[in-house]
Amino acid sequence: DLTVHLSLFNAVIAEGTPRLLEHNDIRWVTVDEIDRFAFCPADVEILKEIRRRDLYRRQKALLDTFLANGAITGAQYEKSFGDLTRKMGM
């Protein structure tokens, strides 16, 4: 048996160009593009986590927009944000 520990990093390219060092291909893809590519079975859990974090980020941005535009009150925002955070385990 082999145990592999993988770390997940949320990153942006600050400067330069990524270089292919150890693999046959390298691509920088968005969460929306994940389904276009074949990943190995070991990546399934990492991809689930990436999607979960992205959904949380998008839902929070929506709540922020509602609050900024006066569509919800501060109290409604706090309750909804708390519910979102709890339900998504963030």
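Here CG of Leu55 is found 13.0 Å from CZ of Arg53. Values are rounded to the nearest 0.5 Å. Taking CD of Gln59 as the start and CE of Met90 as the end, the distance is 12.0 Å to the nearest 0.5 Å. With rounding to the nearest 0.5 Å, the separation of CE in Met88 from CZ in Arg57 is 11.5 Å. In this structure, Glu78 CD and Leu67 CG are separated by 8.5 Å, a value rounded to the nearest 0.5 Å.
The shortest heavy-atom contact between Leu63 and Ser80 is CD2-CB, 3.7 Å. Lys60 and Leu84 get closest at one heavy-atom pair: N-CD2, 3.8 Å. The two residues Gln76 and Ile72 make their nearest non-hydrogen contact at OE1-CA, 3.2 Å.
Counting only residues at least two apart or on different chains, no ring-ring contact (aromatic ring centres under 6.0 Å, His included) pair has a member in residues 46-69. For residues 68-90, the pairs satisfying ring-ring contact (aromatic ring centres under 6.0 Å, His included) are Tyr77-Phe81, with sequence neighbours left out.
Val44 belongs to no hydrophobic cluster, as no Ile, Leu, Val, Met, Phe, Trp or Tyr side chain comes under 4.5 Å of its own.
Checking Arg58, Arg52, Arg51 one by one against Asp54, the side-chain contact (heavy atoms from CB on, under 4.5 Å) holds for a single residue, Arg58.
Between Asp83 and Arg86 a salt bridge is recorded (basic side-chain N to carboxylate O distance below 4.0 Å).
With hydrophobic clusters built from ILVMFWY side chains whose heavy atoms lie under 4.5 angstrom apart, Ile46 shares a cluster with Val31.
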